[in-house]
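Structure record follows, encoded as structure tokens.
Throughout, protein chains are lettered first and strands after them, A, B, ... in sequence-line order, and every chain is numbered starting at 1.
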Protein chains: 2
Amino acid sequence: MTTNTRRLDASGRTRSPSMADVAHHAGVSAQTVSRVLSDHPNVQSATRERVLRSVDQLGYRMNSAARALSSGRTRTIGVVVLPTADYSGSAVTHGVESAARRAGYAVNISTASSLDPAAIAAAMTRLDEQSVEGIVLVVPVPTGTDAVETIARRIPTVTIDGSRTVSSEVVAIDQFEVGRLATEHLLELGHPTVWHLAGPDEWLDSTGRAAGWRAALAEAGREIPPLLHGDWSPESGYQAGLLLGRIPEASAVFVASDEMAFGAIRALHELGRRVPDDVSVVGVDDIALAAYCSPALTTVAQPFGEIAALAVEHLLRRIDDPSSPPTSTDVEASLVIRASTAPFAG
Amino acid sequence: MTTNTRRLDASGRTRSPSMADVAHHAGVSAQTVSRVLSDHPNVQSATRERVLRSVDQLGYRMNSAARALSSGRTRTIGVVVLPTADYSGSAVTHGVESAARRAGYAVNISTASSLDPAAIAAAMTRLDEQSVEGIVLVVPVPTGTDAVETIARRIPTVTIDGSRTVSSEVVAIDQFEVGRLATEHLLELGHPTVWHLAGPDEWLDSTGRAAGWRAALAEAGREIPPLLHGDWSPESGYQAGLLLGRIPEASAVFVASDEMAFGAIRALHELGRRVPDDVSVVGVDDIALAAYCSPALTTVAQPFGEIAALAVEHLLRRIDDPSSPPTSTDVEASLVIRASTAPFAG
DNA sequence: CCACATGTTGTTATCGATAACAAGCCTGAT
DNA sequence: ATCAGGCTTGTTATCGATAACAACATGTGG
């Protein structure tokens with residue numbers, strides 16, 4: 001029944017109805033309207049009905065700027081992401097939006113133009129200027145970055161890549177475990193050792209996985225081959241694959257992301273090395289295509305939705321009770337075995 | 001030199017400095033501070049310097065809620081996306097954020113839980129309640145959807161998938177041309193005809209590509225094979241591939257997205273049909289992996305960044321001049337030839 | 001029947017910025 | 001010299017909601 005009645009203001013332009021208009025229409029005070037719309041308990045149900053009817057008839061929508069100004073609460077959280085169209089960033093962003101929405105929060109998005117601390121701080125500052133009540137960082141943050149720390153001290157912040165800053169929450173997948181899972185799977189298949197193509201060192205995701213890989217090898221008493229580095233892109237995986245394919249004893253490779261893994265597999269094919277017959281490959285992320293490229297990729301799936309929901313949950317707790325101390329929570333990843341890994345045939 | 005000075009308010013809690021605090025510190029009026037921060041021309045440079053110094057010293061950040069309330073401008077635009085971690089949605093979202101940021105606008109993100117008009121309207125309503133000044137719809141909108149139309153009439157809205165509603169701008173890739181490009185490429189390779197795996201009919205992207213495909217075939221006087229449908233997912237491409245692989249005369253397939261294309265290629269492989277030797281496949285999107293899965297995918301690249309920038313540009317024009325009529329702009333896609341297409345081998 | 005707690009509603013002040021107007025000063029043309 | 005008009009700055013009212021407080025009604029136990 002939304003008729004969307006509009007008034008004329010002093011200058012003659014149309015204007016959306018305000019709370020005062022609703023109050024007048026329902027024959028109550030603005031405060032009562034406010035109480036009804038905020039679900040305050042102490043309002044008689046007859047009054048409540050009447051107000052709601054007026055809200056409906058006038059097509060009233062609340063002015064969030066006014067609410068924010070007077071209450072000091074914007075009910076908005078911010079997300080800082082990188083401007084890459086990668087699977088994980090986008091999965092986390094959607095997870096955050098969904099969890100925030102359920103809690104009645106809006107989401108502001110801000111991209112960091114690079115991993116430079118200044119760029120990340122700039123992205124956070126933009127959110128700060130929007131008066132977000134909390135920030136989810138979907139980017140790695142070097143510890144001890146002053147500009148970032150300053151904002152994190154004032155605005156509840158949670159990192160989801162495992163970066164541990166002094167003032168922020170941490171909700172992260174246990175990347176050490178990710179590295180270990182992948183590596184142990186390959187060792188169990190009988191491979192003498194496992195090579196590793198890591199992501200950039202700026203990412204804790206990256207160093208965590210490498211550490212897990214190294215630990216698994218050490219524990220099994222295997223030789224630890226030299227580490228390769230990529231930048232998460234398929235192209236960098238391809239370049240690394242061109243190297244690995246020339247090393248005859250490289251029979252098993254743990255690649256730090258599915259996209260790099262596909263690049264590596266392509267390079268191996270071009271060099272005439274079959275996957276998994278000659279080389280077994282494990283990726284990380286379980287992107288949608290992992291099961292459908294050839295060969296179907298064995299990978300470590302990361303529960304991005306769960307991570308995002310947890311991040312928001314922690315953020316809201318910190319927002320409601322700023323005195324509660326920052327915490328650190330780990331989430332489990334799981335190995336998905338497909339066709340890119342096979343027993344050592346050496 | 002941001003010392004971030006904070007005052008105590010009546011209730012004894014810390015509070016960020018306000019414009020009045022800056023004004024007092026600089027020995028000017030609040031209005032002058034406002035003028036300096038809004039880059040008004042008529043301020044003496046000495047005064048400007050003094051104000052900026054005070055802003056810096058006090059660590060002042062503007063309260064956007066107050067600005068929005070008093071000026072009636074939120075300098076925020078909204079984006080409606082689907083909660084899928086797909087390449088195109090995320091590429092467009094980042095493009096919008098980047099363009100908006102350059103224009104001094106913040107971006108609110110809102111996901112539509114489904115393609116149901118009610119769900120899309122709900123996502124738009126959430127943005128409306130945040131008082132966004134414009135909306136970019138990265139979802140298909142059925143024409144004549146009242147709830148959507150009502151909001152689009154009030155808030156400048158641009159669709160980027162080609163959906164033409166009465167009140168919204170349209171910035172879109174010419175999908176008819178996409179279909180034609182892909183189909184003609186395959187015909188030029190000598191294939192007698194071209195099969196098509198389309199996306200869901202709700203998407204104009206989808207129907208547009210199908211129309212271009214059909215037109216190209218008709219123009220060449222070829223038989224038009226029955227149309228197959230997927231839902232953009234690799235799995236649906238796989239299912240369609242299981243069908244196509246059983247049809248001996250299907251030598252060329254135009255698939256409406258890269259992800260579906262990889263699913264289809266996988267199914268073809270499983271059925272023993274080689275790509276491109278037995279079947280040529282063309283996708284759409286040019287996702288990052290297109291060049292790195294096997295075989296490297298021939299595909300139609302879409303300029304998502306350009307689309308997003310144009311969308312924002314149009315939106316800002318409508319915001320600045322609400323009387324300007326909605327327009328419709330097309331952007332060109334381009335064929336990227338890789339290894340999944342080959343001449344017809346009889 | 002009174003004192004006091006509780007429930008319901010209204011009043012007033014306030015959040016922090018900007019628009020609209022006003023006022024003083026300086027310049028240059030008449 | 002004088003006045004129009006532009007530049008610079010300040011004053012006041014206002015945006016729309018909520019917090020804090022006040023006021024009144026109602027109910028309950030002594």
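Separating the CG atom of B/Asn42 from the P atom of C/dA23 is a distance of 19 Å, rounded to the nearest angstrom. Distance A/His24 NE2 to D/dG16 P: 16 Å, rounded to the nearest Å. Distance, A/Glu129 CD to C/dG16 C1': 15 Å, rounded to whole Å. Rounded to whole Å, the distance from CG on B/Leu58 to C1' on C/dG16 is 15 Å. For B/Gln44 and C/dT27, the CD to P distance is 11 Å, given to the nearest whole Å. If you take CZ of B/Arg50 and C1' of D/dT9, they are 11 Å apart, rounded to a whole angstrom. The distance between atom CE of A/Met19 and atom P of D/dC15, rounded to the nearest whole Å, is 16 Å. In this structure, A/His40 atom NE2 and D/dA20 atom P are separated by 11 Å, rounded to whole Å.
Residues meeting the side chain to side chain contact (heavy atoms under 4.5 Å, CB included) test with A/Ser131, sequence neighbours left out: A/Thr74, B/Ser64. Residues satisfying the side chain to side chain contact (heavy atoms under 4.5 Å, CB included) criterion with B/Thr157, sequence neighbours excluded, are B/Met124, B/Ile135, B/Leu137, B/Ala152, B/Ser168. Taking A/Ala147 as the reference, A/Ala121 meet the side chain to side chain contact (heavy atoms under 4.5 Å, CB included) condition, with sequence neighbours excluded. When the salt bridge (Lys or Arg N to Asp or Glu O under 4.0 Å) test is applied to B/Arg318, the partners found at least two apart in sequence or on another chain are B/Glu169. In this structure B/Arg101 satisfies the salt bridge (Lys or Arg N to Asp or Glu O under 4.0 Å) test together with B/Glu97, sequence neighbours excluded. Among residues two or more places apart in sequence or in another chain, the salt bridge (Lys or Arg N to Asp or Glu O under 4.0 Å) test is passed with B/Glu133 by B/Arg73. For the side chain to side chain contact (heavy atoms under 4.5 Å, CB included) test, residues two or more places apart in sequence or in another chain that qualify with B/Ser113 are B/Ala119. Every residue was checked against the salt bridge (Lys or Arg N to Asp or Glu O under 4.0 Å) condition with A/Asp86, not counting sequence neighbours, and none meets it.
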side-chain contact (heavy atoms from CB on, under 4.5 Å) evaluation trace for B/Val51 with B/Val43: CA-CA 10 Å; B/Val51 169; B/Val43 179; over 6 Å; no
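At a threshold of 4.0 angstrom between heavy atoms, the contacts of B/Ser64 with the nucleic acid are absent.
For B/Thr47, no side-chain nitrogen or oxygen approaches OP1 or OP2 of D/dT8 to under 4.0 Å. Within the 4.0 Å cut-off from OP1 or OP2 of D/dA17, not a single side-chain nitrogen or oxygen of A/Asn63 is found.
The closest side-chain donor-acceptor pair between B/Thr93 and B/Ser90, if any, does not fall under 3.5 angstrom. A donor and an acceptor atom, one from each side chain of A/Thr111 and B/His94, are nowhere located under 3.5 Å apart.
For the segment residues 28-38 of chain A, residues with any heavy atom less than 4.0 angstrom from an atom of DNA chain C are, sorted by number, A/Val28, A/Ser29, A/Gln31, A/Thr32, A/Arg35. Less than 4.0 Å separates DNA chain D from at least one heavy atom of each of the following residues of residues 68-75 of chain B: B/Leu69, B/Ser70.
An end-to-end axis angle of 40° holds for the helix from C/dC1-D/dG30 to C/dT30-D/dA1, taken from five base pairs per end and rounded to 10°.
When each of A/Arg67 and B/Val43 is assigned the nucleotide of DNA chain D with its nearest heavy atom, B/Val43 is the one assigned upstream, toward the 5' end.
The stretch residues 45-54 of chain A participates, sequence neighbours left out, in these side chain to side chain donor-acceptor pair (under 3.5 Å) pairs: A/His25-A/Ser54.
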